[in-house]
Amino acid sequence: MAGAIAMRRVVVKGRRATAESPTVRRILIAVVTLFFGLFLVMPLVVVFHEAFKRGLSAYLSAFQDPYTQHAVYLTLLVAVIAVPLNTIFGLASAWAITKFSFPGKPLLTSLIDLPLWISPVIGGLIYVLLFGRHGWLGGWLIDHDIRILFALPGIVLATTFVTFPFVARGLIPLMQAQGSAEEEAAATLGASGWQIFRRVTIPKIKWGLLYGVILCNARAMGEFGAVSVVSGHIRGRTNTMPLQIEILYNEYQFSAAFAVATLLCALALLTLFLKFIAEWRAARQLAAGSRS
Amino acid sequence: MSRRRHVLPGFGLTMGYTWIYLGVLVLLPLAGLALKTGTMGWGSFWAAISSPQVVASYKVSFGISFLAALTNGVLGLIAAWVLARYEFPGRRVLDALTDLPFAMPTAVAGIALTSLYGPHEWIGGLLAPWGIKVSYTLVGVYVALTFIGLPFVVRTLQPVIADLSAETEEAAATLGAGRWRTFWRVIFPSLLPALLTGVTLAYGRAVGEFGSVIFIAGNRPFHTEITPLLIVSKLESYDYNGAAALGFVMLAASFLIVLVSNGLQGWGARRRVA
Amino acid sequence: MSVELKNLSKAFGRFAAVQDVSLPIETGELIALLGPSGSGKTTILRMIAGLEFPDAGKIFFEGQDVTFRSAYQRRAGFVFQSYALFNHLSVFENVAFGLRVLPRRSRPSKQAIVARVGELLEIVQLAGLGRRLPAQLSGGQRQRVALARALAIGPRVLLLDEPFGALDARVRKGLRQWLRAFHDQTHLTTLFVTHDQEEAFEVADRVVIIDSGVIQQSGSPAEVCANPANDFVVDFLDLKPGQTGWDG
C-alpha cells in the first residue's frame with residue numbers, strides 16, 4: 001500500500017519526480033534567455049552594429065588612422081612578450097602544485113589567484129609606486145635614464161601581472177583530475193623529467209593548455225585598468241587597443257571606437273569557442289582514461 | 001634520512017621558478033605598496049581614506065557591487081540550474097556565452113553597455129518613457145557590475161548541480177515531498193555553500209572593477225564615482241600617498257572577501273564529503 | 001636479480017603504512033605480497049620501484065644500495081593496477097616508449113625497436129593490435145600491453161600491483177597461468193601484490209603475508225598452510241582448524 005503511494009508520487013502524470021513541471025521549466029528558460037540576452041548577447045550585437053552602421057568603408061577607414069595602427073601593433077607586441085612568460089609560469093607552477101606535496105601549497109595557490117580578486121587598478125598602482133618619479137626606484141631610474149613607466153616595460157609588467165593566473169588556473173584542476181600515474185609509469189620506464197613532460201604530460205594537457213594560453217592572450221590584449229595607470233596615454237607611443245578605444249569614444253568617434261572593439265570582440269568569441277572545444281576534448285580524454 | 005625525495009623530477013626547478021616569478025612580479029611590488037602606506041603616518045592615512053568624496057565612492061563601489069552580486073546570486077542560480085538540467089535549443093550557445101564577461105575586454109563591455117542603455121538607444125530607449133535612466137546613473141554602475149560578475153555564480157554552481165545525486169531527490173519524492181519542497185529542503189541547502197561562494201567571488205570582482213564602469217557611470221564626484229577611479233585620478237595628480245592609502249584599503253577589502261570565500265569553499269567541501 | 005629490503009618503514013602523515021619490513025628476495029623468485037587492502041603491500045612494491053621513498057631502512061638491488069635512486073635510474077618493470085597506459089599513444093608506441101626515451105648512445109635503431117616491440121606483442125598475444133589506442137582494447141588486453149611495456153626495457157625485476165584485480169574471472173584465470181608459464185621460461189625475479197589468497201597460492205613460489213604494514217609470515221604456499229604463524233594468518237587465509245598443525 002505504502003509502496004503504491006510512493007510509486008504514484010514518484011511518477012506524477014508520467015513526469016519524473018525529479019523534474020519541474022513544463023510550465024516552470026518554460027518560465028525559467030525564458031528568464032535565463034532574457035537575462036543572457038540583455039546582458040551578454042545585446043552588448044555583443046551592439047558592438048558590431050555600431051561598428052558597421054556607416055558601412056564597410058567607414059569601418060575599414062578606422063584602421064587607416066596611424067595612431068590606431070600603432071595601438072594594434074603595441075597590443076600585439078605586449079601580448080607576444082607577456083603571454084609566453086605567463087605560459088612558462090603556468091606550466092611550472094601547475095607542475096609544482098600537482099606533482100608534489102609541500103607545505104604552504106594553499107598559500108601558493110591563493111597567491112596565484114591574487115590578480116583575479118584585486119582591482120586591476122592596484123595592478124598598475126603598485127608599479128607606479130615602485131617605478132614612478134616619486135616611487136621607490138624612481139630616482140635611480142631617472143639617474144640611469146631607464147624608462148619603465150609610461151613606456152613598453154611598464155605596460156608589459158602590468159599586463160603580465162594581471163594575466164599571470166590564467167594558464168596556471170586552467171592547468172591545475174586538469175592535471176589534478178588526471179593524476180600522476182602515467183608520469184610515474186614513464187619514470188619507471190626510464191624517461192627523464194623533460195621526456196616525461198614532453199611525451200606524456202603535454203599530450204594530456206594540450207587542450208587545456210591551449211585554452212589557458214588563448215584566454216591569457218585575450219585578457220592581455222584587452223587589459224584596461226592596469227595598463228591605463230602605467231601607460232601615460234601617449235598617442236602613437238603608449239596607447240594599446242583598449243586605451244585607443246577609450247580615446248576614440250571620448251572624442252565621439254564612435255564608429256572608429258567600435259571598429260577597434262570588434263577586433264577584441266572577435267578574439268573574445270574565439271576564446272569562448274576554444275574553451276568549448278577544450279572542455280569537450282578534456283571530457284572525452286577523461287572518459288577514455290577512466291575506462292582503462 | 002629526512003631528506004625530501006620526490007618520485008617525479010623537477011621539484012626544485014618549478015618551485016624555484018614559481019616563487020621567483022611571484023616574488024618579482026607580485027610580492028615585491030605589493031610590499032612596496034604596504035611600505036608606502038606604512039611611512040605616511042596614521043593621520044594623513046586616515047585623512048586620505050576618510051574624506052567625504054572617498055567615502056561617497058566607497059558607497060558606490062561596495063554598495064552597488066553588493067546589489068549586483070545579489071542579482072547574480074538569484075539569476076545565476078536559475079541560469080546554472082537551467083543550463084545544467086534542461087535540454088533546449090540554444091542551451092550550448094548560452095552556456096558558452098556565460099564566460100563572455102571573462103573574455104571580453106572591460107573597456108569594450110563599457111562602451112557597449114553605455115551605447116545599449118543610453119536614453120536614445122535600444123534598451124535605454126525602451127526604459128526612458130518609464131522614467132528610468134541607466135547610463136550616467138547608479139543604475140548604469142549596477143548594470144556594468146552585474147555584467148562583470150555574471151560568470152562567477154553560474155560557473156561555481158554548475159559542477160555542484162551536476163554532482164547532486166538524483167537518488168537523494170528521488171528519495172525526497174518517495175517520501176512525499178513535492179518538487180517545490182524538495183527544492184527548498186533538499187536541493188537548495190546542498191547548493192548554498194557554492195552559491196554563497198559564487199556571490200562572494202562576484203562581489204569581489206565587482207568591487208575592484210574599473211574598465212566597464214567608468215564609461216557608463218558618468219563619474220560624477222559624490223554620486224557615481226567608484227573608488228578605483230579615485231585611485232587613478234590621485235595618481236594622475238601625483239598624489240602617490242593618497243593613491244597608496246586607497247589602494248591599501250581596496251587590497252584589505254579584497255583580502256577579507258577572499259578569506260570569506262575560502263571559508264565558504266571549505267564549508268562546502270566538508271559538506272560534500274559528509 | 002636479487003632484491004633485499006632492510007628494515008623499511010614509511011608513514012603517510014601519522015599513518016604508519018609500512019613498519020620495519022625486511023625481506024630478502026632471491027634471483028628468479030616469484031613472490032606474492034598478500035594482504036588485505038590498506039595493509040601496506042602496494043607501498044612496499046612502490047618503494048622497490050622508486051615510486052615512494054622510505055622514511056627509514058634500505059633497499060638493495062644485487063647488493064647495491066638503491067634506496068634513494070630515482071625510479072628512472074632503477075628501471076624496475078612496474079605494472080600499475082590501473083595500467084597507467086599512455087592513452088594518447090598507440091599500443092605500439094606504449095610498448096616502444098621505454099626504448100625511445102633511452103639516451104641516443106644506447107637507443108636501439110628504428111628497425112630494432114620495431115622488431116623488439118613486435119616480439120613483445122607476440123609474447124603477450126597482442127600481435128596485430130599495435131595500431132590500436134588503449135581505449136579500443138578490453139581490460140585484459142590493456143593489462144597485457146602494460147606488461148609488454150614494462151618488459152620492453154629489459155627490467156631486472158618485474159613488479160605487478162594487483163595485476164588481475166580489475167579483470168573478470170575467466171580472463172583472470174588465463175592471465176595467471178600465462179604469468180606462471182612466462183616466469184618458468186624467463187626466471188625473471190617477480191613480485192606481485194594481491195589480496196586474493198587463491199591467486200597468490202596458485203601462482204607464487206613464495207607468499208609474503210602482510211597486515212598493518214608488518215610482515216606476518218613468509219614461506220611457500222604449503223608451508224604457510226601447514227604452519228600459520230599467528231591468528232591473523234589463520235583468519236585471513238580462512239584455514240579450517242582441521243587443516244592446521246596446531247589444532248591437534
Side-chain angles (χ1 to χ4, degrees), chain A residues 6 9-10 17-18 20 25 28-29 31-32 35-36 39-40 42-43 46-47 50 89 92-93 95-96 99-100 111 114 117-122 125-130 134 136 160-161 164 180 183-184 187 193 215 218 222 224-225 229 242 245-246 249 257 261 264-265 268 271-272 275-276, chain B residues 6-11 14-15 17-18 21-22 25-26 29-30 32-33 36 75 78-79 82 86 88 94 96-97 99-100 103-109 111-113 115-116 146-147 150 166 169-170 173-174 176 179 204 208 210-211 228 231-232 235 238 240 243-244 247 250-251 254 257-258:
Chain A
R9 288 269 188 175
V10 175
T18 50
E20 289 75 42
R25 265 169 185 262
L28 291 182
I29 292 174
V31 167
V32 174
F35 178 45
F36 277 37
F39 279 87
L40 300 178
M42 292 293 277
V46 89
V47 169
E50 292 283 338
F89 168 77
S93 59
W95 184 269
K99 300 295 176 204
F100 308 106
L111 263 181
L114 187 113
W117 46 261
I118 70 174
S119 178
V121 167
I122 293 180
L125 167 71
I126 54 178
Y127 295 113
V128 175
L129 294 180
L130 217 53
H134 308 288
W136 296 107
T160 310
F161 174 85
F164 80 72
S180 301
E183 281 82 359
E184 287 180 358
L215 179 61
F224 180 73
V229 171
I245 291 173
E246 183 194 21
Y249 189 84
L264 293 171
C265 270
T271 309
L272 296 187
K275 181 184 186 207
F276 180 74
Chain B
H6 300 283
V7 175
L8 295 173
F11 180 73
T14 55
M15 273 295 266
Y17 185 78
T18 302
Y21 199 84
L22 284 176
L25 204 63
V26 183
L30 275 184
L33 170 64
K36 187 83 187 170
L75 291 174
I78 299 176
V82 166
Y86 300 168
F88 59 95
L94 290 190
L97 272 180
D99 288 312
L100 185 70
M104 197 182 198
T106 54
V108 175
I111 62 169
L113 291 172
S115 304
L116 210 50
T146 306
F147 169 84
L150 191 147
E169 286 172 52
E170 282 169 356
T174 59
R179 192 62 191 149
F210 178 69
I231 298 181
V232 172
L235 278 178
Y238 295 101
Y240 282 16
M250 296 291 292
L251 201 61
S254 298
I257 293 167
V258 165

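Lettering follows sequence order; numbering is per chain, from 1.
Proximity to chain B (any heavy atom under 4.5 Å) is restricted, for V31(A), to the side chain, taken from C-beta onward. Contact annotation for Y21(B): only side-chain heavy atoms (C-beta onward) come within less than 4.5 Å of a heavy atom of chain A. For V46(A), the parts lying under 4.5 angstrom from a heavy atom of chain B are both the backbone and the side chain. Heavy atoms closer than 4.5 Å to chain A are found in the side chain of V258(B), but not in its backbone. In this structure, chain A has heavy atoms under 4.5 Å from both the backbone and the side chain of F147(B). At a 4.5 Å heavy-atom cutoff, the contact between I122(A) and chain B is made by side-chain atoms alone. Heavy-atom distances place both the backbone and the side chain of F161(A) under 4.5 Å from chain B. Contact of I118(A) with chain B is made through backbone and side chain together, with heavy-atom distances under 4.5 Å. For L215(A), the part lying near chain B is the side chain, with the backbone staying farther off; criterion is any non-hydrogen pair under 4.5 Å.
With respect to chain B, the highest number of heavy-atom pairs below 4.5 Å among E184(A), M42(A), E246(A) belongs to M42(A). Of the listed residues (T14(B), L94(B), L235(B), V26(B)), the one with the most heavy-atom contacts under 4.5 Å to chain A is T14(B). Highest contact tally toward chain A, considering only L251(B), L116(B), L33(B), is held by L116(B) [criterion: heavy-atom pairs under 4.5 Å]. Heavy-atom pairs under 4.5 Å with chain A were tallied for P29(B), G10(B), A107(B), A243(B); the largest tally goes to P29(B). Between chain B and the residues V32(A), V47(A), I245(A), V229(A), the most heavy-atom pairs under 4.5 angstrom are made by V32(A).
For the pair L22(B)/F89(A), a side-chain contact is recorded, criterion being any heavy-atom separation below 4.5 Å from C-beta on. The side-chain heavy atoms of F39(A) and L75(B), taken from C-beta on, include no pair separated by under 4.5 Å. Residues F100(A) and V7(B) have side chains not in contact (no heavy-atom distance under 4.5 Å, counting atoms from C-beta outward). Counting heavy atoms from C-beta outward, Y127(A) and L25(B) have side chains that approach closer than 4.5 Å. At least one side-chain heavy atom of F35(A) sits less than 4.5 Å from a side-chain heavy atom of T146(B). Between I111(B) and E50(A), the closest side-chain pair of non-hydrogen atoms is not below 4.5 Å. Residues F36(A) and L150(B) meet the side-chain proximity criterion, which asks for heavy atoms closer than 4.5 Å. Side-chain contact between L114(A) and L30(B): present, with at least one pair of heavy atoms (C-beta onward) separated by less than 4.5 Å.
Of all heavy-atom pairs spanning F224(A) and G211(B), the tightest one is CD2-CA, 3.4 Å. Between A103(B) and A268(A), the closest heavy-atom pair is O-CB, 3.5 Å. Considering all non-hydrogen atoms of both residues, P120(A) and G208(B) come closest at CD-O, 3.5 Å. Closest approach of G247(B) and L125(A) over heavy atoms only: CA-CD2, 3.8 Å. Considering all non-hydrogen atoms of both residues, L8(B) and A187(A) come closest at CD2-CB, 4.4 Å. Minimum interatomic distance between A92(A) and Y17(B) (heavy atoms only, all atoms of both residues): CB-CD2, 3.7 Å.
Taken to the nearest 0.5 Å, the NZ atom of K36(B) stands 10.5 Å off from the CG atom of L130(A). Atoms OG1 and CE, from T271(A) and M104(B) in turn, are 11.5 Å apart once rounded to the nearest 0.5 Å.
Under the 3.5 Å distance criterion, the side-chain polar atoms of W136(A) are matched with a main-chain donor or acceptor of G32(B). Checked by atom type and distance alone, the side chain of S93(A) never pairs as donor or acceptor with a backbone atom of T18(B) at under 3.5 Å.
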Given side-chain contact (heavy atoms from CB on, under 4.5 Å), test Y86(B) with I29(A) step by step and report yes or no. CA-CA 8 Å; Y86(B) 300 168; I29(A) 292 174; 3.6 Å; yes

